[in-house]
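Everything on this sheet refers to the single structure shown next.
Whatever order the structure lists ligands and atoms in, that order sets their numbers, starting from 1.
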Amino acid sequence: MSIDWDPAAREWHLRNGLTSWVLAVLPNGWLGQLHAGAPLAAGTAYGHLGPRDFRGFDNRVGEPVGLALPVPGLGDFRVPGLVVEAADGSQVVEPRYAAHRILAGKPPLPGLLPASYAEDGAEADTLEVDLRDEPTGLLLTLSLTIFRDLPVVARSLRMANLGPARLVVRTAMSATLDLPDDDWRLVTFSGAWARERMPVDRPIVPGRQGVGSLRGGSGNEHNPSLVLRRPWTTESAGECWGAVLAWSGNFLAEAEVGHFGTTRLRIGLHPEQFAWPLEPGASFATPEALLAWSGGGLSALSASLHEILRRRMARGAWRDADRPVLLNNWEGTYFDFDHERIVAMARAARAMGVELFVLDDGWFGARDSDDRSLGDWVADPRKLPHGLGALAREVRSLGLLFGLWIEPEMVSADSDLFRAHPDWTIGVPGRHRTESRQQLVLDFANPAVVDHIAGAIGEVLAGAPIDYVKWDWNRFITEPFSPTLPPDRQGEFSCRYTLGVYDLYRRLTERFPHILFESCASGGARFDAGMLAWAPQAWTSDDTDAVERLRIQWGSSFAYPLSSMGAHVSAVPNHQTGRTAPLDFRAAVAMFGVFGYELDPTALSADELAAVRRQVAFYAERRQVLQRGRFTRLRSPFEGDGNETAWMVASADGSRAIVAHYRVLQRPWPHRDRLPVRGLDPRARYAVTCWTSFEAPMPTVERGGDELMAVGLGIEPPDPMPAGGGTGADGHRLVRGDFSFRLFDLRRLP
Ligand code: DGJ
């Protein structure tokens, strides 16, 4: 890995053998993007890839120009990466090269911006290019970090007003990327509550296309990530790009096809409802975007994003630790519980093999329903007469960890906090405040509010032995306004809210470094790379239906690692869809995530408890591969009739792999099928054990890695058997009926 500077050509080449980015100072001082993507040879100048003798857009015809920091008003009419308004109201600035630095490692971003990091100088190199707009005194610093082992570049932009007059930043993208052609399809991850991150894959057309959020959080409607793929790119072959934004608030992610058939990708803060004034001497920094390139298909692209997010965005004691199997009481009790009931559930959970008990919403204030008490973070003496500490200690005495739900950014109108501080709530004075789920949002742009909540939650976490926190956020922001900001700074509000959230995360994670944080927002409404910097796992969706989860976890896996995706087995009929899927099928799906249960274990029959014990044991034995292995998508629930899904996880050295195949509905007389897998050692022999329930596996067979990858695992048709199931001649349970699955455990033989 290195960043080469060629002073004669005035070109930088960021390269690591996996990807190359070539930037250049164009003859007019602008910053050009000559290449990004496939690795190119070092020691060669690439100026011929860019515009010839580019001196601006005067009388220019017929030649596309790749720019690394596009601005408006100078002849490039595509979407800009940066818009700054000068004191005279003009929005024309012309950033020209001033200086650059090549640094070993990766400097942190200023303030509270979450960002990827390098643990030492050998892991990454960073290029910082300073650009100046002389008339205004605006200094821009574009930062590009290339990682040694991944085809990933982290990009962000800082700016400082070194001039005499006030400037206003109106658009500040974390990244733009100019690609020389438009032969791409755009994939975004969209949906709604309970059906988050469904891949939406379409051809790109002239003009702009993309997604964004103006909800005050990244949202369940669209995710701050996107993929560009060639029309012929598949999971296992072909070129593609992925971009993720390390930010949890309003965002924009889009692609624009220009009239010369070029594509400009941009991702960053949503420019609407945004304006950041820069007084003389002041500075501003964008969040970070991570841009990954793959020449080997979509699963390889995802694997790179998973690596950077799991290993170099997530941090803290839990980053690499085995995540505990949890049981959450929410769907088991909702608000209806007390000390005795929770202890009984915890005891039953322990008997299931669960390692962490999570007490969800309803433990504080007088919270018998969702219309009150948010903000009053004191245990409800009616439900928990011995206090939270006593409950936590009793649960822990059973040999479990204890976790707690909080929703620190919210307040109920019916709460002591709201009665004492109505002015701490987001809203425009004199106007109606829109309620959602009967709650209001605290003004986290006001540091006094963050101080108060840090104190109140800090007291809760210090007052009981708490090992895990589920941090929820159950509504979007309306009437965005903070009375603590002057009128001409209200455009900062949304950013400041998100920075306030990060400030609370920083304080709590610093004060309680042993706690495992899981972010949550009505399920997956703030499932983004920014959150992963504070909370290494997130609640993927409120939809726990196993069939829906196949689609949700498939879509989420494009950008996010399995170690970040909370996935629970819940009761049937499922509370979101009413579907009744077998217990083992539900578990086989949830294992491809951070595994847990969300039901009342005291309501399970003896047979079900025995089944759950087997599931937990199966998962625990394979947890390291499932949580930290390389994930590959094999068969999409979005293709064909969506009846089948297959995916796999393999250890980095190919010595162990877990492959899952799911079939939702049984079809009559199905044919014999083969499922080729990936990431094995082609020269090795593997012991292959297939589980169609967690009761007992089929007899282990031996196969070559070459055969398993070239021909595949056998997805056998159901054997003839009496209606209702049966046992085959060799003793295995026969597979027939809806909701069948096969989990193949592959071990390399010595
Ligand atoms: C929404 C979350 O996604 C659920 O898991 C649960 O914690 C509820 N909020 C509690 O109000």
Taking atom types as modelled, find out whether [X] and [Y] have a side-chain donor-acceptor pair closer than 3.5 angstrom.
{"X": "D371", "Y": "S369", "value": "yes"}
{"X": "S563", "Y": "Q537", "value": "no"}
{"X": "S116", "Y": "E288", "value": "yes"}

**OP:** Could you tell me whether E307 and R310 make a salt bridge, using a distance below 4.0 angstrom between a side-chain N and a carboxylate O?
**Re:**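 Salt bridge between E307 and R310, a charged N being under 4.0 Å from a carboxylate O: yes.
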
Subject >> R419/D414 salt bridge by N-O under 4.0 Å criterion >> reply: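 Judged by the 4.0 Å cut-off on N to carboxylate O distance, D414 and R419 do form a salt bridge.
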
**OP:** Identify, with sequence neighbours excluded, every residue that meets side-chain hydrogen bond (donor to acceptor under 3.5 Å, both in side chains) alongside R613.
**Re:**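 R613 satisfies side-chain hydrogen bond (donor to acceptor under 3.5 Å, both in side chains) with no other residue.
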
Could you say whether the N/O atoms of [X] and ligand 1 ever approach to under 3.5 Å?
{"X": "D360", "answer": "yes"}
{"X": "W405", "answer": "yes"}
{"X": "G523", "answer": "yes"}

Which of the numbered atoms in ligand 1 are below 4.0 angstrom from a heavy atom of [X]?
{"X": "C520", "value": "2 (C), 3 (O)"}
{"X": "S522", "value": "1 (C), 3 (O)"}
{"X": "N474", "value": "1 (C), 9 (N)"}
{"X": "W539", "value": "3 (O), 5 (O)"}

Original post:
R437: heavy atom below 4.0 Å from ligand 1, yes or no?
Top reply: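 Contact present.
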
Subject >> E407 near ligand 1 by a heavy-atom separation under 4.0 Å >> reply: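 Flag not set, E407 not near ligand 1.
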
Subject >> Protein residue, atom and distance nearest to atom 5 (O) of ligand 1, heavy-atom basis >> reply: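 Here the nearest protein heavy atom works out to K470 NZ, 2.7 Å.
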
**OP:** Look at atom 4 (C) of ligand 1 and say which protein heavy atom is nearest, naming residue and atom and giving the distance to 0.1 Å.
**Re:**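 For this ligand atom, the closest protein heavy atom is D542 OD1, 3.4 Å.
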
Original post:
Taking the six-membered ring of F618, is NZ or CZ of R614 closer than 6.0 Å to its centre and within 45° of its axis?
Top reply: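 Ring-cation test returns no.
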
Original post:
When you look for heavy atoms under 4.0 Å from ligand 1, do you find them on the side chain of A521, its backbone, both, or neither?
Top reply: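 It is neither part, as no heavy atom is under 4.0 Å.
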
Original post:
Of the backbone atoms (N, CA, C, O) and the side-chain heavy atoms from C-beta on, which set of D370 has a member under 4.0 Å from an atom of ligand 1: side chain, backbone, both, or neither?
Top reply: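 It is neither; nothing of D370 touches ligand 1.
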
**OP:** Pick whichever of N329, D472, D361 has a heavy atom sitting closest to atom 8 (C) of ligand 1.
**Re:**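 When every heavy atom of N329, D472, D361 is considered, D472 comes closest to atom 8 (C) of ligand 1.
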
Original post:
Between CZ of F741 and OH of Y662, what distance do you get to the nearest 0.5 Å?
Top reply: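 Rounded to the nearest 0.5 Å, the CZ-OH separation comes out at 8.5 Å.
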
Original post:
Who are the side-chain contact (heavy atoms from CB on, under 4.5 Å) partners of S557, not counting sequence neighbours?
Top reply: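 Here the qualifying residues are M565, F631, R633.
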
